[in-house]
Enquirer: 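For reference, the structure I am asking about is given below.
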Amino acid sequence: MLTPSEMKDHLHRLAREGNFIEGIYNYCDRWCEHCSFTSRCLNFKSSKDAPDADSPDLFEYLSNVFEATMLMINEKMEELGIDPAEIAAMETPEEPDPRDHPLHKKAYNAAFETHKWLEKHKPAERIHDVSTLVLSEKNMHFAQAVEAIYWYNFFVSAKIYRALIPDDIHDRGEIQTDQNGSAKIALIALDRLIGAWSVVMENMNDHEDEILPFLITLAEIRRQAEITFPLAKQFLRPGFDD
Ligand code: SF4
């Protein structure tokens, strides 16, 4: 396994040599299997060396990634003439905690409610109930919708949380801010979740009474997110929107 210092050099080399789109991985949905930009994404390329989630080497690898990242940050600060001691001495202003924001609370609670429902009813098992070796087109859509729900369920509240972390320029009406970018990918994920739940409801109409409230809650979260981040849709995600 590469040491933190070797990892840092490896990343620098990759970034220099590859034809990567800067920051593309910050506002994507992290679903690399379905992404057409893998060859232009530094994050994808660098994570190819990561051990599997069940590998005993995973924690050592993550610790090395952390140290390599700190080395890069320190290098950058030195380059910019920033003294780390000055930063440590700076007073951090009191900021509202995004977890207390009603939008985050709603998205977070909805994700856990959904998770409970998925655990109880296991819609993925129905795919196998009704399919033979070849999935019919209808079952294929159902299978894709279930997969999308599992993928995006917790993703939305995580991105809303990030979008609610205040940055200095948000109030000045800037569009290309981390807040707007995070809110935009949350809105995209919400659209996909709503679409996916509609397909699941169609295929599990014996559970329509339970699924319909999920759809209503997601539509409310979506509306609330649009109001909270009115400029989010104008944000241009590197690679995806330009
Ligand atoms: S940009 Fe594509 S390849 Fe890169 S992390 Fe996001 S989904 Fe994965």
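Atoms within a ligand are numbered from 1 in the order they appear, just like the ligands themselves.
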Enquirer: Got an N, O or S from Cys41 under 2.8 Å of atom 4 (Fe) of ligand 1?
Expert: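 So Cys41 counts as coordinating atom 4 (Fe) of ligand 1, yes.
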
Enquirer: Distance under 4.0 Å to a non-hydrogen atom of Thr38: what atoms of ligand 1 satisfy this?
Expert: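 Contacts of ligand 1 toward Thr38, numbered from 1: 3 (S).
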
Enquirer: Nearest protein heavy-atom contact for atom 8 (Fe) of ligand 1: which residue, which atom, what distance?
Expert: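 Looking only at protein heavy atoms, the one closest to atom 8 (Fe) of ligand 1 is Cys32 SG, 2.3 Å.
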
Enquirer: Look at the aromatic rings of Phe112 and Tyr108 and report parallel, tilted or perpendicular, splitting at 30° and 60°.
Expert: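 Because their plane-to-plane angle lies in the 30° to 60° range, the rings of Phe112 and Tyr108 count as tilted.
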
Enquirer: Work out whether the distance between some heavy atom of Trp31 and some atom of ligand 1 is less than 4.0 Å.
Expert: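 It does, in that a heavy atom of Trp31 comes within the 4.0 Å cut-off of ligand 1.
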
Enquirer: Is it the case that over 12 heavy atoms from other parts of the model lie below 6.0 angstrom from the NZ atom of Lys106?
Expert: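 Buried by this count: over 12 neighbours within 6.0 Å.
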
Enquirer: With under 30° as parallel and over 60° as perpendicular, where do the rings of Trp197 and Trp117 fit, or are they tilted in between?
Expert: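 Trp197 and Trp117: perpendicular rings.
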
Enquirer: For atom 6 (Fe) of ligand 1, which protein heavy atom lies nearest, and how many Å away is it?
Expert: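 Result for atom 6 (Fe) of ligand 1: Cys28 SG, 2.3 Å.
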
Enquirer: Taking both backbone and side-chain atoms into account, decide whether Cys35 has an N/O/S atom under 2.8 Å from atom 2 (Fe) of ligand 1.
Expert: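 A backbone or side-chain N, O or S atom of Cys35 is under 2.8 Å from atom 2 (Fe) of ligand 1.
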
Enquirer: Between His141 and Glu202, does any side-chain donor sit less than 3.5 Å from a side-chain acceptor?
Expert: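 Absent: no donor and acceptor within the cut-off.
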
Enquirer: Looking only at side-chain N and O atoms, does Gln144 offer a donor or acceptor that is under 3.5 Å from a partner on His34?
Expert: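 No - no donor-acceptor pair under 3.5 Å links their side chains.
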
